[in-house]
Amino acid sequence: MDAPRFRIAPSPTGFFHVGGARTALYNWALAKRLGGTFVLRIEDTDAERNRSEWNQGIIDALAWIGIHADDPTFEGPYFQSQFADEHVAAAHRLHEAGKAYYCDLTGEQVQERAKAEGVQGYGGWSRNLGLGPGPGRVLRFRVPEGQTVVRDAVRGEVVFDNATIEDFVLLRGNGSPMFLLANVVDDITMRITDVIRAEEHLPNTPKQQMLWEALGVEPPRWGHVPLLVNEQRKKISKRRDKVALESYRDEGYLADAMTNYLMTLGWSPGDVEIVPWASVEADFRLGDVSHSPAFFDLKKLAAFNGEYIRRLSVDEFVVACEPWLAQWRDTHPDAVWDQAVFVAIAPHVQLRAVTLSEAPGVVDFLFLPEPVLDEASLSKALSTEGAADVVAQSIDAFGACEWTTEAIKSAFEAVAERNGLKLGKAQAPVRVAVTGRTVGPPLFESLELLGRDRTIERLRALPAGVQVR
RNA sequence: GGCCCCAUCGUCUAGUGGCCUAGGACACCACCCUCUCAAGGUGGCGGCACGGGUUCGAAUCCCGUUGGGGCUGCCA
């Protein structure tokens, strides 16, 4: 048997859809394991939108999830409009063979007539008129009698009664090819053997299969994978849902976490769901894919991402954070960056991060001349019993102790005890004064990194701006 | 409306006639740990849509009902 050829056929929408990403991953895993080919064909009959510069985003997005254009398994990208002549030629062959016919009814006329005769859609009125081509005339496919059986690798056999399928349009009145035809002709031209795509295409599959057969080619193996839906259980859409793969990349989701999560939507890797791509590639089977729609759950994605972040080495984590740190530096010219300080605090950030983009926001106080004080948490932390005393005494204690995490901690423990407070309670006002927030990385490590002078300076600066009881 | 698909905890899933008193993960709750927040640990809550069959036995097979979704363009 020849090596299988898979394909994905995204349309150029300006971003790459997460649903498309999952389908791409399914195709990629199969192509890899089977030693086949993964073909990327960007589909729009509009030549303008088929320009490569419009679609670099798709290439980049695929590369992000591990599908690299320079991999030998990868072929393309192709652009549908490159093959426009072939689409038209195929349509003409169908006409010559009597498998398609011209129709001079406009869309409006079809609607009127259907209404008048009480039928659904196009009634095949021009079927036997023997019309030739002409301006405004569309070429329609002559749907044969009988049944069309789609053999689907995910769902088994799906039977369609051809009587329920109307004679669909192949060529528009202006002679340009319709998507359905272009799609089939391209698949044939590119010798595609396996069409794995989302379930929304299942109802159109019998039409395509009939086209393959009419064109004298054996149809491909089909596989329709379940839809990705939102909390309303509707197909995720650009309008209402965050569907751009790029937006997740930009927010600091790890590609490995994203690919792993996407694969689990409709498929289960086995006992553990956090698995390396190599095992996905080895284990993924279309026959194991679920039949029902899957909810794209941000919370679970976040959990996957946190897990993947924690599995990074500290060095890897630091490198991974860099784009967001660089962006933060650019927007905070008054900050004095110290890479060694970030590296030192990084393990604590890593343990807490859900996405990489959060990193700057939790370490900013170490590099800014002054912490960004949140008024609400400030007044809350300082209004507690003994807060003012704790702050005042800390200034003295910190001025006298050795400047290591351990020494700072013991010095502060003494202050807390003197005020009859638990450490957790006592640290709150100091934390807010120094970091600007009530939550963040461990306090004493942070203070050590900040330095004695700046710590004391921030504690002293406190009472001036706020009401301290 | 017509055609098609689907139906296990809130969510993603395991389950392919007896291993099911239905397993795991996320979320949620509680407790432990703890300098905040996390992370980690332990435990808990929670499901086979319904009704008929078939069978010694059904989450698993069949039929129906209900519910959800998709498709139904001279869009892609």
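Reminder, nothing fancy here: chain letters follow the sequence lines and each chain counts from 1.
- One atom, CG of A/Asp186, and another, P of B/A76, lie 13 Å apart when rounded to the nearest Å.
- Salt bridge absent: A/Lys409 and A/Glu445 never bring a charged side-chain N and a carboxylate O closer than 4.0 Å.
- The shortest distance between the side-chain N/O atoms of A/Arg172 and the OP1/OP2 oxygens of B/A76 is below 4.0 Å.
- Side chain A/Arg352 to base B/C37: a donor-acceptor pair is found below 3.5 Å.
- The side chain of A/Leu202 sits closest to B/C5 out of B/C5, B/C12, B/A76.
- Among residues at least two apart or in separate chains, ring pair (Phe, Tyr, Trp, His ring centres under 6.0 Å) pairs with a member in residues 148-189 of chain A are A/Phe141-A/Phe168.
- Comparing B/G18 with B/C61, their C1' atoms are spaced 15 Å from each other, to the whole Å.
- Of the residues in residues 251-270 of chain A, those lying under 4.0 Å from RNA chain B by heavy-atom distance are A/Thr264, A/Leu265, A/Gly266, A/Ser268.
- At least one donor-acceptor pair closer than 3.5 Å links the side chain of A/Tyr261 to the backbone N or O of A/Asp297.
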Got a list of protein N/O to nucleotides 24-28 of chain B N/O distances below 3.5 Å?
from: B/A25; atom 1: O2'; to: A/Glu273; atom 2: OE2; distance (Å): 2.1
from: B/A25; atom 1: N3; to: A/Lys300; atom 2: NZ; distance (Å): 2.9

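- Side chain of A/Arg458 to backbone of A/Gly436: no donor-acceptor contact under 3.5 angstrom is found.
- In this structure the side chain of A/Thr264 reaches within 4.5 angstrom of the side chain of A/Phe304, judged on heavy atoms.
- Here A/Phe168 lies out of heavy-atom contact (under 4.0 Å) with every strand.
- Backbone-only contact: A/Val158 has heavy atoms under 4.0 Å from sugar-phosphate atoms and none from a base.
- Under the Watson-Crick or G-U wobble criterion, with both distances below 3.5 Å, B/U55 has no partner in any strand shown.
- The nucleotide whose nearest atom lies closest to any side-chain atom of A/Gln427 is, among B/C4, B/U36, B/A7, B/U36.
- The listed nucleotides are B/C3, B/C35, B/C6; the one nearest the side chain of A/Thr164 is B/C3.
- Atom C1' of nucleotide B/U72 and atom NZ of A/Lys207 are separated by 7 Å, given to the nearest angstrom.
- At whole-Å resolution of the value, CG in A/Asn204 and P in B/C75 are 14 Å apart.
- At least one side-chain heavy atom of A/His87 sits under 4.5 Å from a side-chain heavy atom of A/Gln80.
- In this structure, A/Phe398 and A/Phe412 approach most closely via the heavy-atom pair CZ-CD1, 3.8 Å.
- With rounding to whole Å, A/Phe295 atom CZ is found 15 Å from B/C9 atom P.
- Looking at heavy-atom distances under 4.0 Å, A/Ser11 makes contact with sugar-phosphate atoms alone, never a base.
- Across all strands, A/Leu105 comes closer than 4.0 Å to base atoms (heavy-atom distances).
- If you run side-chain hydrogen bond (donor to acceptor under 3.5 Å, both in side chains) between A/His224 and each of A/Arg197, A/Glu199, A/His291, only A/Arg197 comes through.
- Looking at residues two or more places apart in sequence or on another chain, you find a ring-ring contact (aromatic ring centres under 6.0 Å, His included) between A/Tyr102 and A/His95.
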Would you tabulate the nitrogen or oxygen pairs shorter than 3.5 Å linking the protein to nucleotides 61-70 of chain B?
from: B/G69; atom 1: OP1; to: A/Lys234; atom 2: NZ; distance (Å): 2.5

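- Nucleotide B/A30: paired with B/U42 (Watson-Crick or G-U wobble, both distances less than 3.5 Å).
- In this structure B/A49 sits in a base pair with B/U65, meeting the Watson-Crick or G-U test at under 3.5 Å.
- Atom C1' of B/G67 sits at a distance of 10 Å from the matching atom of B/C50, rounded to the whole Å.
- Taking both residues in full, the closest heavy atoms of A/Pro219 and A/Trp212 are given as CA-CE3, 3.7 Å, listed atom of the first, atom of the second, then distance.
- For B/U11, the paired nucleotide is B/A25, the pair qualifying as Watson-Crick or G-U wobble because both relevant distances are below 3.5 Å.
- Taking atom CG on A/Leu298 and atom C1' on B/C12, their separation rounds to 14 Å, with Å as the unit.
- Residues from residues 392-407 of chain A lying near RNA chain B, meaning a heavy-atom separation below 4.0 Å, are absent.
- Residue contacts shown for A/Gln109 are absent, as no nucleic acid heavy atom lies under 4.0 Å away.
- In terms of modelled atom types and a separation under 3.5 Å, the side chain of A/Arg437 and the main chain of A/Pro371 share no donor-acceptor contact.
- Summarising the geometry of A/Leu105 relative to A/Ser126, their closest heavy-atom pair is CD2-OG, 4.4 Å, with the distance given to 0.1 Å.
- Nucleotides B/A39 and B/U21 have their P atoms positioned 35 Å apart, rounded to a whole Å.
- In terms of phosphate contacts, A/His291 brings a side-chain nitrogen or oxygen within less than 4.0 Å of OP1 or OP2 of B/C6.
- The separation of B/G53 from B/G70, taken at their P atoms, amounts to 35 Å, rounded to a whole angstrom.
- A/Thr13 comes within 4.0 angstrom of nothing in the nucleic acid, heavy atoms only.
- Put simply, CG on A/Leu351 is 14 Å from C1' on B/U36, counting in whole angstrom units.
- Here the closest heavy-atom approach between residue A/Val275 and residue A/Asn260 is recorded as N-OD1, 2.9 Å.
- At least one donor-acceptor pair under 3.5 Å links the side chain of A/Arg352 to the backbone N or O of A/His348.
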TODO: Could you check A/Asp167 against A/Arg127 for salt bridge (charged side-chain N to carboxylate O under 4.0 Å, His left out), going step by step and ending with a plain yes or no?
DONE: CA-CA 9 Å; A/Asp167 289 349; A/Arg127 269 200 149 191; 2.7 Å; yes

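- Residues A/Trp324 and A/Glu358 have side chains that never bring a donor and an acceptor to within less than 3.5 angstrom of each other.
- The interatomic distance linking A/Leu228 (CG) with B/C5 (P) rounds to 21 Å, in whole Å.
- With salt bridges taken as basic N to acidic carboxylate O contacts below 4.0 Å, one links A/Glu251 and A/Lys242.
- Annotation: B/G69 and B/C32 have their C1' atoms spaced 45 Å apart (nearest Å).
- Within the nucleic acid shown, A/Ala428 has no heavy atom closer than 4.0 Å to any nucleic acid atom.
- In this structure, the nucleotide among B/A76, B/G1, B/U36 sitting nearest to the side chain of A/Arg431 is B/U36.
- A/Arg437 comes within 4.0 angstrom of no nucleic acid atom, judged by non-hydrogen atoms across all strands.
- Residue contacts shown for A/Gly107 include a base, since a base heavy atom lies under 4.0 Å away.
- Put simply, CG on A/Asp283 is 16 Å from C1' on B/U13, counting in whole angstrom units.
- Taking 4.0 Å as the cut-off between side-chain N and carboxylate O, A/Arg41 and A/Asp187 count as a salt-bridged pair.
- For the pair A/Arg310 and B/A38, the criterion of a side-chain N or O lying under 4.0 Å from OP1 or OP2 is not met.
- At the heavy-atom level, A/Pro226 lies nowhere under 4.0 Å from the strands shown.
- In this entry B/C3 has B/G70 as its Watson-Crick or G-U wobble partner, both defining distances falling under 3.5 Å.
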